[in-house]
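All values reported here derive from a predicted model rather than from experimental measurement. Chain letters run A, B, ... following the sequence lines, proteins first, then strands; residues in each count from 1.
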Amino acid sequence: MHKIPLFKALHHDRWVRPYLRKYRWTLILAISLGILTFVCAGGLMFTAGYLISKCATMPFNILLVYVPIVLTRAFGIFRPVFKYCERITSHNWVLKMTSDFRKKLYNSLEQDAVFFNSKYRIGDILGLLSEDVAHIQNLYLRTIFPMLVAAGLYVIIVIGLGVLTPLMGLLLAILFGLIIIGIPVWSVLVNGQRQDDEKQATNRLYADLTDNVLGITDWIFAGRSAEYLGRRKNDEQQLRKSQHALHSFNYFRDFLLQMMILLVVIALVIWSSWRFGHHWGANWIAAFVLAVFPLDEALAGLPNAAQQTNTYVDSLERLNSLPAVPKDNEQLDVVHAPFQLQLTNVKFAYPHTKNVILNGLSLTIHSGEKLAILGRSGAGKSTLVSLLRGDRQPNSGSVLLNDVPTSEFGDQISNYIGIVHQQPYLFNTSVLNNVRIGNEQATEGQVWSVLQRVGLAEKIHQLPDGLNTKVGEAGLGFSGGEQHRLSLARILLKNVPIVILDEPTVGLDPITEQQVIDTFMKELKDKTLIWVTHHLQGIDQMDQVIFLENGQVDLAGSPAQLAKNSKRYRMLRAADEGLIE
Amino acid sequence: MIDRLLFTLPESKKIMVKLVGLYVLQAFLILGQALGLAMLLTNLWQGHPLASQWQWLLLFAGCFTARHLTNWLEQARLDSYARHCADQLRQQLLKRLFTLGPVLINREGTGNMVTLALDGISEVETYINLLFSKFVSMMVIPILLLIVCLYLDWVSGLVMLAIYPLIILFMIILGYAAKAKADRQYANFQMLSNHFIDSLRGIDTLKYFGISKQYSKSIFRSSEQFRRSTMSVIRVAMLSTFALDFFTTLAIAILAVFLGLRLIDGHLLLFPALAILILAPEYFMPIRNFANDYHATLNGKNSFHAVYRILKMAEPQRPQVQLHSWLPNDQLKLTGVSYQYPSGSQLKPLNLTLTGYQKVGIIGMSGAGKTTLINLLAGFLAPTAGQFNVQGTMTNSMNISDWQQQILYIPQHPYIFEDTLRNNIAFYTPDVSDRQVEKAVHVVGLDNLVATLPAGLSTVIGQGHRPLSGGQAQRIALARAFLDQKRKIMILDEPTAHLDIETELELKERMLPLMKDRLVLLATHRLHWLNQMDHVIVLNHGRLVEQGDYQTLLEQNGYLTKLIRQMRGGRLDA
């Protein structure tokens with residue numbers, strides 16, 4: 001059993017088994033309906049075969065065939081009805097579980113939410129994860145479900161015939177056992193490696209094509225397009241080879257399965273002619289033989305269904321490797337104004353790396369102070385921000401907000417520290433909801449007031465649905481500058497005492513940038529402001545400027561002091577304003 | 001019902017003919033199988049011992065086996081045909097993609113194009129495979145079976161004939177109903193299914209505002225809402241399958257009862273009755289298969305049409321202009337060149353002369369038209385109106401092979417391939433020696449990076465590997481420029497604005513020597529570059545408002561002066 005990848009993946013599973021248990025009654029209902037569908041399908045041919053044979057004896061009274069007539073009609077009507085109900089039930093069941101899945105997936109990712117983008121957006125794992133949920137749906141609908149239905153039929157057939165003739169029951173137990181279990185398992189084992197190869201080749205081709213389409217300008221300019229296309233053709237041929245082997249096996253296997261069904265039919269012919277041939281029971285021969293054919297529909301797809309499980313294993317493993325959701329142990333620290341952030345001898349290196357990012361950094365940020373942080377990429381600016389918010393803990397030293405380590409606040413930190421990012425995220429919902437992220441209880445009046453303050457009120461007023469216009473609809477696009485304004489509106493609504501601006505203006509042209517900075521400075525003038533920036537635009541409005549280098553503060557002072565004392569600062573300043581030669 | 005586009009595939013007629021032949025054969029085998037079994041059952045019913053009936057059993061078993069053998073043959077044949085067609089389409093599509101290049105990518109999106117070329121074409125393969133086989137079998141098999149049934153018992157044959165159009169009618173009616181319902185639900189649908197991804201993408205924002213935990217409930221709620229609306233669509237959509245099922249199964253039940261009653265009356269014998277009962281499911285099988293796979297093929301159909309749309313797109317005109325390597329006294333003149341976007345924004349007609357190894361700065365606010373001008377000059381876009389005169393030859397667009405082979409294009413975020421650092425650096429000059437690559441590394445200041453990489457120049461970088469900073473990516477682009485001295489035209493689109501100021505200045509120092517002896521076009525809003533430019537072009541709202549050398553423009557005290565004042569936050573000189 002442990003050769004079958006799915007069973008291995010299911011061993012420590014948290015994503016499939018719990019839900020099979022949770023929704024077991026719906027599952028049992030759906031499977032019963034599935035079994036009934038095939039019972040009716042077989043029953044229809046069974047009674048029809050009996051009816052016709054019986055009628056051929058020309059009974060003198062039609063009442064003698066009354067029961068088979070009614071049964072034939074009933075089976076004919078109920079088969080499609082059961083099938084319809086089964087499909088509705090099973091889809092509903094799967095979608096119900098999907099709701100649970102999504103919630104679970106969300107909760108699992110929520111723990112690491114702050115680092116979500118850096119961690120999960122690479123290679124679009126996000127897309128993969130949401131596809132995984134779809135895969136699990138298919139695992140249920142296309143594999144687990146038909147398998148269970150077939151197993152149910154198996155039991156019914158074997159017991160039913162076993163009661164009539166134990167030996168025949170045994171023979172069919174073996175034949176159907178091969179069809180329902182033998183061939184599918186064989187198929188999984190033989191094709192597992194091929195499917196793996198196919199999947200890997202496909203993924204490789206995918207990654208390769210994406211990579212090169214992103215760099216298409218370079219291929220064209222370098223005049224090397226033909227070279228790439230040629231190289232690619234070779235890779236594709238390899239994929240084709242493994243696909244070809246896979247398909248050839250499948251055709252052979254399907255043929256073999258049909259031969260097994262032929263054996264079942266012949267066995268039934270022999271058995272029924274022996275059992276019923278010599279007396280008045282001859283009418284049963286056609287009944288038993290014809291009842292086999294409708295089962296083909298339930299059986300023919302099983303090997304493919306089983307084989308599909310190989311492709312779900314990755315999804316299962318990926319989902320199961322996500323962190324489990326821990327119990328909540330939120331600490332409710334409450335601190336009061338005035339707020340002071342105190343960093344003392346902070347050292348930080350990322351786990352499993354030697355590169356020390358912050359090396360004994362000490363810094364005090366007083367209530368209401370405006371601090372600008374500059375430094376090269378990799379100097380530790382972003383790390384410093386995550387330490388300030390308590391999303392990371394220093395290896396040594398301390399980061400305190402009014403004497404409480406910031407990492408101890410948990411989600412409560414959002415009541416004290418707000419953050420505006422390089423690329424603020426706008427949710428695909430109304431403007432109103434987007435602003436209310438800051439405070440879900442805010443009235444529309446309050447929302448309008450903050451929109452007014454950030455200079456977006458006029459734009460929103462002109463929209464057909466005003467505040468209720470969806471972002472991205474009705475031509476409502478927000479330019480870079482406007483996105484930052486909206487992000488500021490959220491912060492204003494949240495009304496936190498400390499605001500961190502994490503390089504919010506990268507990518508804006510200088511004039512827009514200056515305007516955004518002016519608005520930020522004006523609206524946040526009563527708050528503590530920590531502004532991480534990559535150049536010196538608007539720096540004069542700050543109280544204090546520090547340059548980070550080699551994990552320490554390299555240069556510090558007010559803009560005026562630095563302009564007076566530091567040659568380096570003067571040089572950078574001049575460059576920023578285009579005044580150097 | 002069948003897609004005409006399928007007939008544009010190579011050898012589609014030939015494969016159709018072959019398939020028709022195979023299905024006629026298969027129909028005869030089905031008949032042999034059914035009649036053999038009916039005869040066997042009739043004789044057994046009459047009390048003949050099985051031992052005397054082996055020839056009928058053999059006929060049944062033989063036809064059954066042969067039928068599945070032809071099925072195997074047909075699938076394998078069709079498989080290789082579909083594979084062949086798909087490979088060809090993919091090749092054509094990729095070739096198209098790598099000719100049309102960024103213009104096509106910008107319009108269709110990278111993700112869409114990649115998905116279309118891989119998943120899309122695979123779906124087309126399935127589509128070709130399924131549609132040919134299901135369609136032909138539906139056209140051939142029922143007809144032959146019906147003829148035999150009519151011969152066996154014309155009354156039953158007529159019933160079977162009559163029910164066919166009924167099935168199709170109901171499927172169409174219910175299909176439309178489901179579609180209308182699905183369309184109505186679609187907006188709602190889309191929103192709900194996006195809600196989940198949307199929440200995940202914004203999960204850090206939610207966390208920053210301390211509401212990420214309670215949002216989990218909202219996920220569940222909207223997913224449940226999604227389930228309810230999906231189910232209401234599914235309930236209707238599955239009705240059409242239900243109708244098909246209902247009619248075919250009920251038809252068999254009715255036939256059975258009907259045959260039974262006529263047997264009692266002695267109008268019929270057992271053999272034809274059993275034969276019809278066995279043939280009836282086979283008669284309905286092809287249309288059921290067709291209907292079952294129909295939805296599965298819809299994606300394939302859409303992809304097939306999408307691929308065709310792109311293949312049919314007009315090749316951009318490539319002016320056949322011969323150019324020599326750019327020399328110090330060569331000229332590029334633009335006369336009345338303009339560009340109009342479908343969205344309405346435009347670059348208004350401009351005149352411009354670029355000479356020799358000039359360094360030209362293009363400045364303006366975002367949306368002023370800097371990138372459009374760059375794209376026109378690089379030949380990515382063909383102007384809506386106007387003419388270029390390059391090295392004395394008139395042309396409508398700069399999409400000239402000899403021109404593009406001289407261009408070094410450095411965008412804000414140079415693309416780094418998932419390949420070794422060495423191959424990335426030598427992308428434009430794959431044949432250079434390692435020594436030269438090492439020299440390039442030194443010249444652009446990548447020594448530190450190379451030292452920290454585990455395998456030095458052979459380390460694989462790019463997507464999914466160690467991330468490079470913006471400055472490092474820029475340096476790789478510069479190394480490419482250093483290695484390719486033959487390329488005399490350097491086009492830079494905002495190369496430093498996203499970098500921190502110190503990195504920016506360092507890079508600028510490395511860039512300036514590479515600009516020597518080249519025609520340089522640099523779009524930027526970083527003012528410090530202007531000091532190094534020979535010629536400055538100022539754009540405002542799609543119009544060229546000023547041009548000339550920097551000092552002269554400053555003295556003019558025009559739009560550029562105003563722009564600079566605004567950029568410095570209101571101060572002209574600090």
**Q.** Under 4.5 Å from any heavy atom of chain B - which part of Gln258(A)
**A.** both

Q: Among the options Leu255(B), Asp265(B), Val114(B), Leu527(B), pick out the one with the most heavy-atom pairs lying under 4.5 Å from chain A.
A: Val114(B)

Q. Lys217(B) versus chain A, heavy atoms under 4.5 Å apart: side chain, backbone, both or neither?
A. neither

(Q) Suppose we call two aromatic rings close when their centres sit under 6.0 Å apart. Are Phe380(B) and Phe221(A) close by that rule? (A) yes

Q) Given that the side chain runs from C-beta out, which part of Ile220(A) has a heavy atom under 4.5 Å from chain B: side chain, backbone, both or neither? A) side chain

Q) For chain B, which of Asp576(A), Leu44(A), Ile77(A), Leu51(A) has the most heavy-atom pairs under 4.5 Å? A) Asp576(A)

**Q.** Region of Ile270(A) in contact with chain B, defined by heavy-atom distances below 4.5 Å
**A.** both

Q: For the pair Trp219(A) and Phe427(B), name the ring-plane relationship: parallel under 30°, tilted 30 to 60°, perpendicular over 60°.
A: perpendicular

Q) In terms of ring plane angle, is the pair Phe64(B) and His68(B) parallel, tilted or perpendicular, where the classes change at 30° and 60°? A) tilted

Q. Does any non-hydrogen side-chain atom of Leu118(B) lie less than 4.5 Å from one of Arg90(B)?
A. yes

Q. When the ring planes of Phe60(B) and Phe293(A) are compared, do they come out parallel, tilted or perpendicular, using 30° and 60° as the limits?
A. perpendicular

(Q) Given heavy-atom pairs under 4.5 angstrom as the criterion, report whether the side chain, backbone, both or neither of Asp391(A) touches chain B. (A) side chain

**Q.** chain A contact via Thr241(B) - which portion, at a heavy-atom distance below 4.5 Å
**A.** side chain

(Q) Is Leu69(B) in contact with chain A via its backbone, its side chain, both, or neither, using a 4.5 Å heavy-atom distance? (A) both

Q) Glu502(B), His498(B), His48(B), Gln405(B): which one forms the most heavy-atom pairs within less than 4.5 Å of chain A? A) Glu502(B)

Q) Can you tell which of Ser272(A), Gly49(A), Gly375(A), Ala563(A) has the highest number of heavy-atom pairs within less than 4.5 Å of chain B? A) Gly375(A)

Q.
Under a 4.5 Å cutoff for heavy-atom pairs, which residue among Gln412(B), Arg480(B), Glu504(B), Arg288(B) has the most contacts with chain A?
A. Arg288(B)

Q.
At a 4.5 Å cut-off on heavy atoms, which part of Ile52(A) comes close to chain B: side chain, backbone, both, or neither?
A. both

Q) Measuring heavy-atom distances to chain A, does Arg228(B) have an atom under 4.5 Å in its side chain, in its backbone, in both, or in neither? A) neither

Q: Side chain from CB out, backbone as N, CA, C, O: work out which of these in Arg376(A) comes under 4.5 Å of a heavy atom of chain B, or both, or neither.
A: both

